[in-house]
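In what follows, chains carry the letters A, B, and so on, assigned in the order in which the sequence lines appear, proteins first and then strands, with residues in each chain numbered from 1. Quantities reported herein were computed from a predicted structural model and do not represent experimental measurements.
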Protein chains: 2
Amino acid sequence: MPGRKLEAEKELFYEYLRQNGLKKTRQKDLILDTFLGNEGHMSVEDIYALVKKRDRKVGIVTVFRTLKSLNACGIAREINLGDGLTRFEHCYQHPVHHHIICTKCLRVIEFLSPELERVQQGVVSRYRFQPLHQRIQIYGLCEDCRENRAAPTGPQPDTEKIFARDALRMAIAMQRQGCEFYRSAASCNQDPAGREVFESIALEEESHALQLEMELEMMHRYEKGLEEAPVFLHFDSCELQQLIPNLPSDLGDSELRLDARRALEIALQLEKRAAGFFKDYAERFGETEGKRIFERCAEQQMKHFASINRRAEAIAPASA
Amino acid sequence: MPGRKLEAEKELFYEYLRQNGLKKTRQKDLILDTFLGNEGHMSVEDIYALVKKRDRKVGIVTVFRTLKSLNACGIAREINLGDGLTRFEHCYQHPVHHHIICTKCLRVIEFLSPELERVQQGVVSRYRFQPLHQRIQIYGLCEDCRENRAAPTGPQPDTEKIFARDALRMAIAMQRQGCEFYRSAASCNQDPAGREVFESIALEEESHALQLEMELEMMHRYEKGLEEAPVFLHFDSCELQQLIPNLPSDLGDSELRLDARRALEIALQLEKRAAGFFKDYAERFGETEGKRIFERCAEQQMKHFASINRRAEAIAPASA
DNA sequence: GTACGTGCAAAGACTTTGCAATGGC
DNA sequence: GCCATTGCAAAGTCTTTGCACGTAC
């Protein structure tokens, strides 16, 4: 599985070479391999040192030139972490992100925050500015350095994996929240048929949540250290909360009475919103595993929507 | 008035020199003057070119060294706008801010967004990271470049002035909102004494708003181009809206009936919140004119609070 | 008079370019 | 065989350092 991605990256590079009339060489291959085999934010010198270990005859100029190519074809991204060196990070199927940099141990935390993006979008739009790329870097001291502890040095899972994990976590949170909503709606509902509807949908949500949790479990098993890796995608649980429909509370809370049809309508509302929400999220990201998870969730919600809709139509055929 | 700030900056530099056993020289003075006399984000070369016009014998090394000193004593701030040059911007009594950079015309828009700050703070705190400084830069195309217009070249007012303007604008918006609230509360209120209270407070707010507006007017008159300068401080009017108390709406909206005492209590609530709000804002910024405006507003709101409080006590002496 | 300041030149750090030999295709 | 590639050296860019002379205090 991880090998497949490596292959895809190499193929992408070769394709780039072909399309530009460039040639495949031992050195380029070696540099690509070295770059792909190392996570983190490496300077030219870093990569040169690693390459030299494998072939002492490679020149640093070739490393410069090859990294420029890797940058051009979307495998590497040139970044500047404020130390005057050009550094390169993995770019292929990695979401664009921001950096938190410890000025003491030089550890870099990558993160993404749709809320930050939203606020920023609001700002630039006031100037009618068209943003093309951005640089958000926060410098300071990490917890370990502040407390004079050694930073953990184990191999870090790569950002795409962490992003996928966080996407799954978000999907699970959504599913769990839906589940809880249907359960509480069922328990409040005095109408037996409506209650039954909520209960059955809660079960469906539960089963989907379990499925996602299992998937997350598998992911953790395959990827060492993934579970402990710091959060990458910051999502706001309030955002999820807002998708939950309000139960009609004109009556006292305990006197809720929704028949099957009304219950199904409410469920349709939630499923539709959730689908839209995930679709929206999926669209924010370039081709990544996380994006695919969001897409899948949106699809699944739409399917659930459709199945609930069929049920609603069976009760009372739709008008129009 | 602007001369006074210049003097303060020079004095700050001389003080720095004295405290570090360094010497005051013709060259340092010339470089400081040149830096202070030019807004914008100048590279060493830029400043060197300007300095050379006044004294051909000055060396670029001296410019490098002097700018390092200016950076060290808080008059200049070293920034990196992604073009590989170290640039310097005014720092003394200028709020820290972010940059939007047009990659075509190289124009730089400075901005500040407390909301962005808030989101960012939320992110770093999840990593228990202690942020010390940050770099937020958005690259893209400005409106003028997208539409192939020439960028306006008039002299830009400096950021501190624009910040002060925006602080005033915010204070005015707050005052206007309060005014509107008291007016509408008065018109809804069926209790004559309560209505009179709201009306009189509305007048006080109005007078304060007018005072601030006059101040803004003066500011515009003294500073060419200030009125048209793009927004620097992005504040969210919802944030202001949230300070407005909800009128008790247990009854129908038109049946509001608040006696003088209740009306005064509601006014106290608003004034207190507003004072807290401005105090909070003032605390976010270093020594700048904008900060002082926020502080003054907080004070004024506290005074208003006290005066309303006296009125409330006159009606019914406070318990405890 | 002492010690920092200055400006020149030189060095340093990072990156790019020129060029002759090499090696894909 | 053509032409991109490579690795060396050299150059380029931005910045800092070394040093002898100058000058502020």
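A straight line from CZ of B/Arg56 to P of C/dT6 spans 19 Å, rounded to a whole angstrom. Summarising the geometry, the separation between CG on B/Asp83 and C1' on C/dT15 is reported as 15 Å, rounded to the nearest angstrom. If you take OH of B/Tyr48 and C1' of C/dC8, they are 11 Å apart, rounded to a whole angstrom. Atom pair A/Ile60:CD1 and C/dT15:P shows a separation of 8 Å (rounding to whole Å applied). Going from atom CG of A/Leu67 over to atom P of C/dC14 covers 15 Å, rounded to whole Å. Taking atom CG of B/Leu17 as the reference point, atom P of C/dA3 lies 19 Å away to the nearest angstrom. The separation between B/Phe64 atom CZ and C/dA11 atom C1' is 14 Å, rounded to whole Å. In this structure, A/Glu45 atom CD and C/dG12 atom P are separated by 16 Å, rounded to whole Å.
Remark: B/Lys28 is not in phosphate contact with C/dC4, judged by side-chain N or O atoms under 4.0 Å from OP1 or OP2. Between D/dT5 and A/Gln27, no contact under 4.0 Å exists linking OP1 or OP2 to a side-chain N or O. For D/dT6, the OP1/OP2 oxygens have a side-chain nitrogen or oxygen of A/Thr25 closer than 4.0 Å. Between D/dT15 and B/Thr86, a contact under 4.0 Å exists linking OP1 or OP2 to a side-chain N or O.
Judged by distance alone, with hydrogens and angles left aside, A/Lys23 brings a side-chain donor or acceptor within reach of the base of D/dC3, the pair sitting under 3.5 Å. The base of C/dG7 is paired with the side chain of B/Arg65 by a donor and an acceptor separated by under 3.5 Å.
Side chain of A/Asp46 to backbone of A/Ser43: a donor-acceptor contact under 3.5 angstrom is found. Under a 3.5 Å cut-off, the side chain of B/Arg146 and the backbone N or O of A/Arg128 do form a donor-acceptor pair.
Comparing B/Leu85 and B/Leu22 against DNA chain D, the residue whose closest nucleotide sits nearer the 5' end is B/Leu85. Of the two residues contacting DNA chain C, namely B/Lys57 and A/Arg26, the nearest-nucleotide position lying further toward the 5' end is that of B/Lys57. Where B/Arg87 and B/Lys24 meet DNA chain D, the nucleotide closest to each residue was compared, and B/Arg87 sits on the side nearer the 5' end.
The A/Val61 side chain lies nearest to D/dC8 when the options are D/dC8, C/dG7, D/dT6.
In this structure, A/Glu78 pairs ionically with A/Lys68, as a charged nitrogen and a carboxylate oxygen lie closer than 4.0 Å.
Below 30°, between 30° and 60°, or above 60°: for B/His133 and A/Tyr139 the angle between ring planes is below 30°, a parallel geometry.
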- After noting the C-alpha distance and the side-chain angles of A/Asp158 and A/Lys5, does the key distance pass the salt bridge (charged side-chain N to carboxylate O under 4.0 Å, His left out) rule? CA-CA 12 Å; A/Asp158 75 29; A/Lys5 183 173 158 193; 3.8 Å; yes
